[in-house]
S.K.: 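Input: one structure, supplied below.
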Amino acid sequence: MLVTLARFLDPWEAYVVRARLDADGIPATVALANHAIADWPMSLALGGTLVQVPAGFLEQSRQILSDYDAGVLEDELNEVMDLQREHCPRCGSTDFKRTMRKRNRIYAILIILFFAIFPASRNRLICKNCGFSWNWGED
Ligand SMILES: [Zn+2]
């Protein structure tokens, strides 16, 4: 029996998590991704895109998802690529929250209201330590 491990608003992130689980031999599947691609607002109403695993793999999958959420996978990639983890350009803190530029929020609302297609977004990061904000990938 398949059980839902996680729900994602972004179907592509669900596929990333599924691939990561697959790398550890967990036969995960993605469900309802086609709703997000065909009609993103409808996908939101249905609860997003699901990553499901066989019930016997749930605990192992939760640990991998926890590592993914904590940035452990990003740290491993950065180490291999000799890159530094995303950090606040002012104080160097890696404790921040992701947000969206106000202009992009307005565009997303307009797109959802009038075009109902999947909105692309650029992340805006806010340091939880000092309050400084910057755009993802810019130092
Ligand atoms: Zn800072």
S.K.: Is it true that a side-chain atom of S66 and a backbone atom of R62 form a donor plus acceptor pair closer than 3.5 Å?
M.R.: no

S.K.: So, taking the atom named CZ in R20 and the one named CG in L73, what distance separates them when rounded to the nearest 0.5 Å?
M.R.: 5.0 Å

S.K.: Would you call L125 and F96 a side-chain contact if the rule is heavy atoms closer than 4.5 Å?
M.R.: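 In contact.
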
S.K.: Just checking, any donor-acceptor pair under 3.5 angstrom between side chains of N135 and R101?
M.R.: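 Judged by distance alone, the side chains do pair up.
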
S.K.: Would the distance check show the side chain of T4 and the main-chain N or O of A6 forming a donor-acceptor pair, the cut-off being under 3.5 Å?
M.R.: no

S.K.: Carefully, step by step, assess W134 and E86 under the rule side chain to side chain contact (heavy atoms under 4.5 Å, CB included).
M.R.: CA-CA 11 Å; W134 72 101; E86 188 70 40; 2.8 Å; yes

S.K.: Enter the distance from L77:CG to D82:CG here, rounded to the nearest 0.5 Å.
M.R.: 11.5 Å

S.K.: Apply the test side chain to side chain contact (heavy atoms under 4.5 Å, CB included) to residues L110 and I106: give CA-CA distance (whole Å), side-chain angles for both, the deciding distance (0.1 Å), then the verdict.
M.R.: CA-CA 6 Å; L110 291 174; I106 292 168; 4.1 Å; yes

S.K.: Can you check side-chain hydrogen bond (donor to acceptor under 3.5 Å, both in side chains) on S133 and R124, steps first, answer last?
M.R.: CA-CA 7 Å; S133 64; R124 184 140 182 91; 3.1 Å; yes

S.K.: Determine whether the side chains of R85 and N78 contain a donor N or O and an acceptor N or O closer than 3.5 Å.
M.R.: no

S.K.: Quick one, I26 with Q60, criterion side chain to side chain contact (heavy atoms under 4.5 Å, CB included). Give me CA distance, side-chain angles, the key distance, then yes/no.
M.R.: CA-CA 9 Å; I26 298 171; Q60 182 185 359; 3.7 Å; yes

S.K.: Quick check on the hydrophobic clustering: are L2 and F57 connected, directly or via other members, by side-chain heavy-atom contacts under 4.5 Å?
M.R.: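 Each belongs to a different hydrophobic cluster.
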
S.K.: Going by heavy atoms in the side chains, are S93 and F132 under 4.5 Å from each other?
M.R.: no

S.K.: Grab the two heavy atoms, one from Y15 and one from A33, that are nearest each other, plus how far apart they are.
M.R.: OH-CB, 3.6 Å

S.K.: If I compare all heavy atoms of A36 with all of T49, which pair ends up nearest, and what's the gap?
M.R.: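 Looking at all heavy atoms of both residues, the shortest contact is CB-OG1, 3.9 Å.
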
S.K.: Please round to the nearest 0.5 Å and tell me the distance separating atom CG of L21 and atom CG of L65.
M.R.: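 Spacing of CG (L21) from CG (L65) equals 7.5 Å.
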
S.K.: Can you see which heavy atom on C130 is nearest to which on C127, and at what distance?
M.R.: N-SG, 3.3 Å

S.K.: Could you see if L46 belongs to whatever hydrophobic cluster contains L44? Use Ile, Leu, Val, Met, Phe, Trp, Tyr and a side-chain cutoff under 4.5 Å.
M.R.: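 Looking at the clustering, L44 is in a separate group from L46.
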
S.K.: Can you see which heavy atom on Q52 is nearest to which on A31, and at what distance?
M.R.: OE1-CB, 3.8 Å

S.K.: If you measure from CG on L58 to CE on M1, what distance do you get to the nearest 0.5 Å?
M.R.: 9.5 Å

S.K.: Donor-acceptor pair, R105 side chain versus M100 backbone, under 3.5 Å?
M.R.: yes

S.K.: With side chains defined as the heavy atoms from C-beta onward, is the minimum distance between T99 and I126 less than 4.5 Å?
M.R.: yes

S.K.: L5, L32: one ILVMFWY side-chain cluster at the under-4.5 Å cut-off?
M.R.: no

S.K.: Would you say V30 and W12 are hydrophobically clustered, going by side-chain heavy atoms of ILVMFWY under 4.5 Å?
M.R.: yes

S.K.: Just do the side-chain hydrogen bond (donor to acceptor under 3.5 Å, both in side chains) check on Q63 and Y68 with the steps written out, would you?
M.R.: CA-CA 9 Å; Q63 181 58 52; Y68 171 80; over 6 Å; no

S.K.: Answer with yes or no whether the hydrophobic clustering places L9 together with M42; edges join I, L, V, M, F, W, Y residues whose side-chain heavy atoms lie under 4.5 Å apart.
M.R.: no

